[in-house]
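Just so it is clear, the values below take in all heavy atoms, side chains as well, and ignore hydrogens, waters and symmetry mates. Positions are given from 1 along the sequence. Quick caveat: nothing in here was measured; it's all calculated off a predicted structure.
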Amino acid sequence: MTTSESESSPNGLILTNARFFRPSTNPSPDPVIRDFDNCMVLQNGTIAWIGELNSWDIRPYQDLGFPVQDLSGRYVLPGFIDGHMHFLMLGQALHKLSLDGCKSLAEIRERIGRFARENPGKERLLCRGWMHSMTGGEAKASMLDDLDARPIYVDSKDLHSTWCSSAALEEMGVGGRDDPAGGAISRGEDGRPDGLLSEASVLLIVWPYLAEVATMEEKMEALRSAVAAYHSVGVTGCIDMAMDENAWEAVLALREAEGGQLPMRIAAHWCITPSDSEDARAKQVDRAIALNKQFNNETSPDLRIVGIKVICDGVIDACTAALSQPYSTNVESPNPIWSASMLEPVVERACKANLQCALHAIGDAAVHLAINAIEKHGKPGQRHRIEHLELTSPEDAKRLGRLGITASIQPVHSDPAILRAWPKLLGPDRLKRAFAYKEFADNGALLAIGSDAPTAPHAPLPNLYVATTRKSYREPEAGDAPVNEHFKLRILEAVSAATRGVAYSCFAENRLGSLDVGKAADFVVVDMEYEPDALLHAVVKETWVGGKRVFENPES
């Protein structure tokens with residue numbers, strides 16, 4: 001059956017000859033998957049029936065004359081929902097120069113120089129994907145200035161730092177600014193900014209400036225690029241983890257331009273930036289509360305503000321993650337960006353308004369701080385969450401499930417190819433505690449899998465490959481040993497965490513996340529084998545949102 005034929009039948013469609021992913025709802029610690037059903041009926045944008053083609057229950061739909069589409073024995077999974085991402089930044093990143101794969105400063109300079117020559121009309125040279133290890137931990141404006149006179153901005157892969165040329169520093173007016181609360185502006189011996197802005201300096205200086213100079217049309221085009229990119233890899237929904245006024249304005253403008261409906265289910269956490277003023281912090285939470293009253297499950301189920309996001313620490317690669325012990329390289333562990341006295345009133349205010357708190361915590365000290373705040377102020381059933389959880393103590397890993405805290409994880413960050421500096425930074429004993437996903441699940445925590453795009457690739461299937469094998473999909477032939485293989489997930493757990501788990505984490509499980517009757521017909525058709533190692537070669541063939549095909553692989 002052709003695309004035009006299936007899309008010209010708005011009332012219903014029968015999908016056959018497929019293997020539909022429907023995990024058992026049995027809550028046992030070792031869940032099994034049912035025998036795959038082979039037929040699903042779509043009607044008016046929802047799943048009307050699912051089961052066996054030879055069942056008597058399908059007869060009424062056949063009698064209605066619903067057309068039939070044969071899926072050639074492929075797997076059908078619920079539409080993936082990216083549990084942690086940055087929507088506008090993903091779209092913008094797709095238009096930036098990627099530095100992925102660079103191994104040295106020389107390679108970075110060569111790539112940026114070529115990009116500059118090939119794009120003489122750009123006002124700024126925007127780049128992404130730099131890691132501190134690529135340049136020996138240095139990021140000076142002088143290392144970029146001779147490449148081009150235009151401002152050069154280089155996002156770190158984790159988005160916690162921006163490496164700037166002198167022209168970029170000048171146009172942002174960084175020279176006349178003090179370090180903001182929770183942020184740092186690297187300075188030379190003369191006290192002048194020398195190129196690197198970190199943590200809250202990125203949130204409060206770089207992002208607002210680049211948002212100011214970007215046009216609304218550019219932002220909307222970036223969002224369209226993000227939607228198309230997601231559809232091509234089977235993603236039908238997402239949770240934005242740093243929503244702000246700039247991005248929100250663009251999303252609303254795009255929704256209006258698209259006739260009031262986006263082909264992507266979006267939930268968002270409002271980003272609360274550090275401030276020395278308690279009143280300023282409270283006002284940010286109040287803004288999220290007001291938006292939640294306007295955009296929620298009842299009033300706007302596909303575009304909601306569900307809670308707040310607080311970044312409690314940095315990242316391990318830059319030695320800015322808050323650890324309970326110093327880094328093994330004798331670098332002292334920084335304090336969390338938010339102290340308990342700053343964080344707790346914000347969490348308390350959000351909890352009283354029944355908002356969900358999402359707390360970024362990578363180092364074990366930050367994780368402990370975050371859990372303590374939720375334990376003290378959270379209420380049962382609010383489904384608060386901690387983002388990343390890259391290094392956790394055994395005690396805190398157990399507390400997640402006991403307190404009903406969602407473990408929001410990004411397996412793509414555990415790819416061995418990007419962790420080669422970790423043994424030196426953490427030492428062999430602490431490294432054994434990295435990315436303890438199975439331990440979280442075994443102790444009763446809900447897992448919600450995301451990508452953290454654009455800090456990492458946004459495609460779900462490679463992400464699930466890393467989750468279930470702990471091997472590298474970036475450089476599969478490099479021979480890196482799996483990272484803490486004992487913490488890997490089963491394929492059923494991983495797929496469920498990237499679909500049903502994410503839906504549940506944001507109170508969308510009644511509509512999304514599984515192939516069940518009455519739920520939205522959001523699904524992805526995949527050419528794959530149901531084995532962890534085979535996920536590396538799985539290919540998305542079709543993506544459907546609300547019963548409409550929004551992507552078809554041209555090679556299908």
Side-chain angles (χ1 to χ4, degrees), residues 77-94 96 98 100 128-129 131 155-160 222-223 225-243 247 264-269 309 311 315 317 358 360 362 385-390 406-419 435 437 447-474 483 489 493-503 505-506 512-513 524 526 535-536 538 540 543 551:
L77 312 178
F80 291 111
I81 308 170
D82 194 331
H84 180 126
M85 55 80 69
H86 308 281
F87 195 30
L88 178 58
M89 285 187 279
L90 169 60
Q92 291 172 327
L94 295 171
K96 294 181 180 181
S98 173
D100 280 349
R128 63 181 173 90
M131 295 180 68
D155 295 336
S156 64
K157 188 180 292 291
D158 52 50
L159 294 182
H160 282 250
L223 292 173
S225 295
V227 170
Y230 264 149
H231 286 168
S232 71
V233 294
V235 176
T236 59
C238 61
I239 301 180
D240 188 294
M241 271 297 159
M243 187 60 74
M264 181 70 55
R265 321 285 188 182
I266 303 170
H269 284 255
K309 161 78 176 299
I311 301 175
V315 293
D317 292 279
H360 163 122
I362 284 180
R385 45 196 291 150
I386 297 181
E387 310 303 311
H388 308 308
L389 295 157
E390 294 187 4
T406 296
S408 175
I409 58 175
Q410 300 76 43
V412 68
H413 286 174
S414 66
D415 190 308
I418 61 171
L419 300 179
F435 307 101
Y437 301 156
L447 300 184
I449 284 181
S451 70
D452 201 13
T455 76
H458 57 276
L461 291 169
N463 201 356
L464 300 187
Y465 169 78
V466 180
T468 54
T469 66
R470 305 300 282 250
K471 299 176 184 177
S472 176
Y473 96 89
R474 291 173 180 266
V483 174
L489 301 176
E493 290 176 304
V495 175
S496 295
T499 53
R500 186 169 60 183
V502 181
S505 77
C506 65
L512 310 173
V524 54
V526 186
L535 290 173
L536 187 63
V540 170
T543 302
F551 170 78

Quick one: is the NZ or CZ of Arg470 closer than 6.0 Å to the six-membered ring centre of Tyr465, and within 45° of its axis?
no

Rounding to 0.5 Å, atoms OG (Ser98) and CZ (Arg128) come to a distance of 4.0 Å

Answer yes or no: is there a donor N or O on one side and an acceptor on the other, between the side chain of Ser225 and the main chain of Gly91, under 3.5 Å?
no

Would you give the length of the straight line joining atom CD1 of Ile239 to atom CZ of Arg265, rounded to the nearest 0.5 angstrom?
14.0 Å

From Ser451 atom OG to Ile409 atom CD1, the distance as rounded to the nearest 0.5 Å
12.5 Å

Is it the case that Thr455 and Asp158 place a side-chain donor and acceptor less than 3.5 Å from each other?
no

Closest approach of His458 to Leu90 (non-hydrogen atoms, all atoms of both residues):
ND1-CD1, 4.1 Å

So, does Thr406 use its side chain to make a donor-acceptor pair with the main chain of Ser408 at under 3.5 Å?
no

With rounding to the nearest 0.5 angstrom, report the CD1 to CD1 distance, Ile449 to Ile81.
12.5 Å

Going by distance alone, is a donor N or O of one side chain under 3.5 Å from an acceptor N or O of the other, for Ser505 and Arg385?
yes

Heavy-atom pair of closest approach, residues Val526 and Ala538
CG1-CB, 4.0 Å

Any side-chain to backbone donor/acceptor pair from Asp415 onto Tyr473? Under 3.5 Å, distance only.
yes

Check whether the side chains of His160 and Asp317 place a donor and an acceptor atom closer than 3.5 Å, and report yes or no.
no

Run the side-chain contact (heavy atoms from CB on, under 4.5 Å) test on Lys157 and Asp100 for me, step by step, so that the C-alpha distance in whole Å, both residues' side-chain angles and the decisive distance to 0.1 Å come before the verdict.
CA-CA 9 Å; Lys157 188 180 292 291; Asp100 280 349; 2.5 Å; yes

For a quick test of reading the model, state the closest non-hydrogen atom pair linking Leu88 to Ala222 and the distance between them.
CD1-CB, 4.1 Å

Could you tell me which non-hydrogen atom of Leu512 sits nearest to which non-hydrogen atom of Ala503, and how far apart they are?
O-CB, 3.5 Å

Would you say that Val412 contacts Pro462 through its side chain, given a criterion of any heavy-atom pair below 4.5 Å between the two side chains?
no

Distance-only, no hydrogens or angles: does the Asp240 side chain make a donor-acceptor pair with backbone N or O of Phe87 under 3.5 Å?
yes

Side-chain (Lys309) to main-chain (Met241) donor-acceptor, under 3.5 angstrom:
yes

Under the side-chain contact (heavy atoms from CB on, under 4.5 Å) rule, what do Thr499 and Val502 come out as? Steps first, then yes or no, please.
CA-CA 6 Å; Thr499 53; Val502 181; over 6 Å; no

Between the main-chain N or O of Pro411 and the side-chain N or O of Ser414, is there a donor-acceptor pair closer than 3.5 Å?
yes

Just how far is it from atom OG of Ser496 to atom CG of Leu77, taken to the nearest 0.5 Å?
10.0 Å

Let me see the working for Val524 and Thr236 under side-chain contact (heavy atoms from CB on, under 4.5 Å), right down to the final yes or no.
CA-CA 9 Å; Val524 54; Thr236 59; over 6 Å; no

Between Gly450 and Asn463, the two heavy atoms sitting closest are O-ND2, 2.8 Å

Would you say the side chain of Met85 lies within less than 4.5 Å of the side chain of Asp452, judging by non-hydrogen atoms?
no

Residue pair Leu464 / Ala494: nearest heavy atoms and the distance that separates them:
CD2-O, 3.6 Å

What I'd like to find out is whether the side chain of Pro454 reaches to under 4.5 Å of the side chain of Lys96, using heavy atoms alone.
no

In this structure, CG of Leu223 is separated from CE of Met264 (nearest 0.5 Å) by 10.5 Å

Would you kindly say whether Glu387 and His360 are connected by a side-chain donor-acceptor distance under 3.5 Å?
no

Evaluate Val466 against Phe435 for side-chain contact (heavy atoms from CB on, under 4.5 Å), listing each step before the verdict.
CA-CA 11 Å; Val466 180; Phe435 307 101; over 6 Å; no

Can you see whether Asp82 engages Tyr230 through a side-chain donor-acceptor pair at a distance of less than 3.5 angstrom?
yes

